[in-house]
Amino acid sequence: MTEPFYVTTPIYYVNDKPHIGHAYSTVAADVLARYARLRGRPTRFLTGTDEHGQKIEEKATSLGEAPQAFVDRMSPPFEEAFRELDCSFDDYIRTTEKRHEEKVQELWRILEEKGDIYLGEYEGWYSVADEAFITEHDLEQLDEATRKQVKRVKEESYFFRLSAYQEKLLAFYEANPTFVQPEGRFNEVKSFVKAGLRDLSISRTSFRWGVPVPGNDAHVMYVWLDALTNYISALGGPAKEGEAPLFDRFWPPGADVVHIVGKDILRFHAIYWPAFLLSAGIEPPGQVWAHGWLTINGEKMSKRLGNFIPPGPLVEAFGADVVRYYLMREVGFGQDGDFAHANVLARYNGELANGLGNLLNRMVASIVKRSLGGVVPEPGPEEEIDRELVATAERCAKQAAAHLDAVAPHRALDATWELVSAANRYVDRTEPWALAKDEAKKERLARVAYSVLEALRWLSVMIAPFMPKKADALRTQLGLEALSPSEGEDRWPASWGGLPAGTKTAPGTPLFPRIDKKDEKAILEKLGVGAEGVVAEGDGAGDEGAKKDAAGKKAKSKKKGDAGKKGASADGDGYLAFDDFLKVDLRVGLVKEAEAIEKSDKLIRLQVDLGEEKPRQVLAGIREHYAPEELVGKRVVVVANLKPRKIFGHESQGMVLAASDDAHGLSVLGMEKDIDPGTKVS
RNA sequence: GGGCCCAUAGCUCAAUUGGUUAGAGCCGCCGGCUCAUAACCGGCUCGUUGCUGGUUCGAGUCCAGCUGGGCCUACCA
């Protein structure tokens, strides 16, 4: 495959410091880039930072800094973090760079020439946090922190005629059935487009920190038009013919482009971006890959929890390669996953140290060193078992490549470790230590050792996209040069026997020294992970290590437990255990306020005093039977430990009990006496 | 409310698109080996494939309904 390959990460908004989520996207892109280079493809890998927008302007101002000074300070830590993780980006673009701003303006002019930009007026709510205009309805859904940053605005705005692209986009999707991955996300995109597209406001007058609109300095560009353009501005395009070699080479047609994005920004990449490009007469990218979210030890990353993990300390504790390996191995690409420290350690010891590291060590530092003078032997005749190992290696290498081609890094590692395991098995079966004791079996020993060394050589290439340093360290021990991919040369292992006999091996320290219990504790403490996050042993305690798992399992096992009980009840039981009943926290509630939810026929929003600090907001679908006024002052029974849930955009923190039949309609459960709010019902 | 996706062993996931007895890794238990990083290898336990029906010679896979979960979206398909 020689088609040029261009892979990008999102450009990261410099409002935050780099965390493991940023690392994840960038490492994934890096794995693809390194793999493409190994295959000899011309490869371009871009990452960078997004630096414009109102949020940046306000934050800088609040710190008494100029926006430019602020972003100049905030951007480098991202670049450093990615370098620490050995991400091999060819370019690092910042949207405040001149080369970018010029290209954005150029794109604007093209869209304008095509008649897809017009000046209009926007009136409505604007969310500073989201840098977007929002509807009345959106407003109600926002959390408190965000809502504080919402402003009523009425301003002149330029619009992009997105509405004109609905059919064109759908046709484009039809013609490019793998444009968005995973497939489920593509369906979401399609149904969003089918629902109808409104013209997109693409300029602002309310702040200054952005790329000025050509010909109208009162406006700066909408941050997404600005940001998305980075993918081509970094290639020097769009440009006149012959003027931008990178663009000509790495943008379609003729090049394969993959945008790696988080699922949160999929819409911008899968709808707005191709629409802009279609308007400009530029071919859209080949694929937008939306990956999932990482939780940390089962918990959502959030500012509130303050559990953003910066990659630095992890790299320090485990090394970049191990962090990369874990991120790519643990999480099915495209799915949500969990970064659990205990699992890092489990995979490290189980797969890296015991699996691959030990294979290398037992062969190079022991058998070859002691019995073969530390030199790759001239292999003797091949036997059936040797041929089997070759066949396995060929199959695994092929599969790993296919999985990487399909952007399934976790599966590629799966296939790779199948070879690790086969090689360990081969060593056990052929017993080179026994062969070494018998002079007559020297030739056989040579073949066995050679087979394993060659398998290790293959592995050194197969792990290289994921663990570049370890790949080279492995090769060093085999007496081989570091990998140095070059365009047009496919280095992916395909033919057996490439390791030259006579090569001097260089046994060194174990590739992945085992981390024992004591070290584990020290590492986790240093990383500030609580002891409960430690346990890697699978005696059930390990489950608690990952809290999400614990929660998930709880729900799951409960479900199963219930099913089991139902099974039992089929025998005529049918009773609820008293303990189970106690799980339901029923409380007396006093209705303080009640108001109908406008857009709903059924829902009433209640503020119910449960004897807590603040009344709870509870939604009840009883409007057909009660007017809001008649509920105020009533005592009701509330299920107080129901999981909060959003209904119609309003959070409901409980449930009001009621019963209904055809004859009487619906009746809310009340109290005959004025029991204090908050009293437990039992 | 509408839509999309999902549900397989204690955990993480497979199952060649409807085809033999539903597999692998981790964990656990037992055994073997000893070159190796308390590593490695072998074996074993655990499944009504969420539930109920249907189509079929044959269903984890297709269809309908239900339950549970995730996501998208909003009075609109």
Side-chain angles (χ1 to χ4, degrees), chain A residues 135 137-138 140-141 182-196 263-264 266-267 290 292-293 329-332 334-338 340 343 346-371 410-411 413-414 417-418 420-437 445 448-449 452 507 509-517 535-543 545-546 549-553 555-560 562-563 566-567 597-603 621 643 647-649:
Chain A
T135 64
H137 191 78
D138 290 333
E140 291 171 10
Q141 302 216 12
E183 212 182 324
R185 295 281 156 199
F186 203 1
N187 291 337
E188 284 169 11
V189 167
K190 286 176 191 165
S191 60
F192 186 88
V193 174
K194 280 181 194 154
K263 62 184 185 184
D264 55 324
L266 177 61
R267 193 189 303 171
W293 285 127
R329 180 73 186 85
E330 175 82 3
V331 182
Q335 292 179 292
D336 289 343
D338 187 39
N343 290 351
R347 288 204 183 271
Y348 179 88
N349 279 334
E351 294 164 7
L352 298 178
N354 297 351
L356 178 59
N358 184 52
L359 175 68
L360 172 71
N361 204 55
R362 68 196 300 206
M363 187 50 57
V364 171
S366 178
I367 292 163
V368 173
K369 184 180 174 189
R370 279 195 226 168
S371 310
H410 58 298
R411 294 207 177 180
L413 285 170
D414 228 359
W417 252 257
E418 199 183 324
V420 171
S421 174
N424 267 317
R425 213 161 30 239
Y426 174 87
V427 174
D428 269 62
R429 300 244 164 96
T430 52
E431 303 190 328
W433 55 91
L435 299 173
K437 285 175 189 155
L445 173 65
V448 165
V452 178
T509 51
L511 200 56
F512 301 102
R514 219 183 134 74
I515 298 173
D516 66 25
K517 282 272 171 299
V535 200
E537 297 301 316
D539 53 14
D543 295 351
D549 276 345
K553 277 172 205 160
K556 211 171 177 182
S557 60
K558 197 177 156 200
K559 198 168 73 191
K560 293 207 168 160
D562 287 348
K566 263 178 212 151
I597 287 179
E598 276 177 39
K599 290 167 189 165
S600 162
D601 300 332
K602 291 183 184 172
L603 289 175
K643 190 174 172 183
I647 306 171
F648 261 62

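So you know, we letter chains A, B, ... as the sequences are listed, proteins then strands, and number each from 1. Every heavy atom of this structure was used, including side-chain atoms; hydrogens, water molecules and symmetry mates were not.
- Using a 4.5 Å heavy-atom threshold, the side chains of A:I367 and A:L445 count as touching.
- Separating the CE atom of A:M363 from the C1' atom of B:U34 is a distance of 14 Å, rounded to the nearest angstrom.
- Using C1' as the reference atom, B:A22 and B:U67 are 24 Å apart when rounded to the nearest Å.
- Side-chain nitrogen and oxygen atoms of A:N354 include at least one within less than 4.0 Å of the OP1 or OP2 phosphate oxygen of B:C40.
- A:L359 comes within 4.0 angstrom of nothing in the nucleic acid, heavy atoms only.
- The interatomic distance linking A:E330 (CD) with B:U12 (C1') rounds to 7 Å, in whole Å.
- Nucleotides B:C72 and B:C66, compared at atom P, are 24 Å apart to the nearest Å.
- Residues A:L266 and A:F186 are not in side-chain contact: their nearest non-hydrogen atoms beyond the backbone lie 4.5 Å or more apart.
- B:G10 and B:C4 have their P atoms separated by 32 Å, given to the nearest Å.
- Between B:G50 and B:U34, the two P atoms lie 45 Å apart (nearest whole Å).
- Side-chain atoms of A:R362 lie closest to B:A36 of the nucleotides B:U37, B:A36, B:C33.
- A:F512 approaches A:A353 most closely through the heavy-atom pair O-CB, 3.2 Å.
- For A:N424 and A:R362, the side-chain atoms include at least one donor-acceptor pair closer than 3.5 Å.
- When Watson-Crick and G-U wobble pairs are counted only if both distances are under 3.5 Å, B:C71 pairs with B:G3.
- The CG atom of A:D428 sits 10 Å away from the C1' atom of B:A36 (whole-angstrom rounding).
- For the P atoms, the distance linking B:C40 with B:G70 amounts to 38 Å, nearest Å.
- Atom name P, nucleotides B:G23 and B:C46: the rounded distance is 13 Å, in whole Å.
- Taking both residues in full, the closest heavy atoms of A:A436 and A:S371 are given as CB-OG, 3.4 Å, listed atom of the first, atom of the second, then distance.
- Closest contact between the side chain of A:R370 and the listed nucleotides B:A36, B:U37, B:C41 involves B:A36.
- Rounded to whole Å, atom C1' of B:C26 lies 16 Å from atom NE2 of A:H410.
- Contact between A:K263 and A:G292 at its shortest, heavy atoms only, is CD-CA, 4.4 Å.
- Taking 90° from 0 as the syn/anti boundary, the base of B:U17 is oriented syn.
- Closest to the A:E188 side chain, of the nucleotides B:A36, B:C33, B:C72, is B:C72.
- As judged by a 4.0 angstrom heavy-atom cut-off over every strand, A:K369 is placed among residues making no nucleic acid contact.
- Residue contacts for A:N358: at a heavy-atom cut-off of 4.0 Å it reaches a base atom on one of the strands shown.
- Atom C1' of nucleotide B:G25 and atom CZ of A:R329 are separated by 8 Å, given to the nearest angstrom.
- When each of A:A195 and A:F192 is assigned the nucleotide of RNA chain B with its nearest heavy atom, A:F192 is the one assigned upstream, toward the 5' end.
- In this structure, CG of A:L413 is placed 15 Å from P of B:A14, rounded to the nearest angstrom.
- Nucleotide B:A24: paired with B:U12 (Watson-Crick or G-U wobble, both distances less than 3.5 Å).
- For A:K369, the NZ atom counts as loosely surrounded, since its 6.0 Å shell holds 12 or fewer non-hydrogen atoms of other residues, nucleotides or ligands.
- Rounded to a whole angstrom, the distance from the C1' atom of B:C63 to that of B:U55 is 7 Å.
- For the pair A:R514 and B:A39, the criterion of a side-chain N or O lying under 4.0 Å from OP1 or OP2 is met.
- Ranked by how close their nearest RNA chain B nucleotide is to the 5' end, A:R411 and A:A365 are led by A:R411.
- Between the C1' atoms of B:G54 and B:G69, the separation comes to 25 Å (whole Å).
- Distance from the side chain of A:R425 is smallest to B:C41 among B:C13, B:U37, B:C41.
- Spacing between atom CG of A:L360 and atom C1' of B:A39 amounts to 13 Å, rounded to whole angstrom units.
- Contact annotation: A:R429 side-chain N/O to B:G42 OP1/OP2 distance is under 4.0 Å.
- A:P510 comes within 4.0 angstrom of a base, heavy atoms only.
- For A:N424, whose side chain is taken as the heavy atoms from C-beta onward, the closest listed nucleotide among B:U37, B:C41, B:C72 is B:C41.
- Atom pair A:D338:CG and B:U12:P shows a separation of 11 Å (rounding to whole Å applied).
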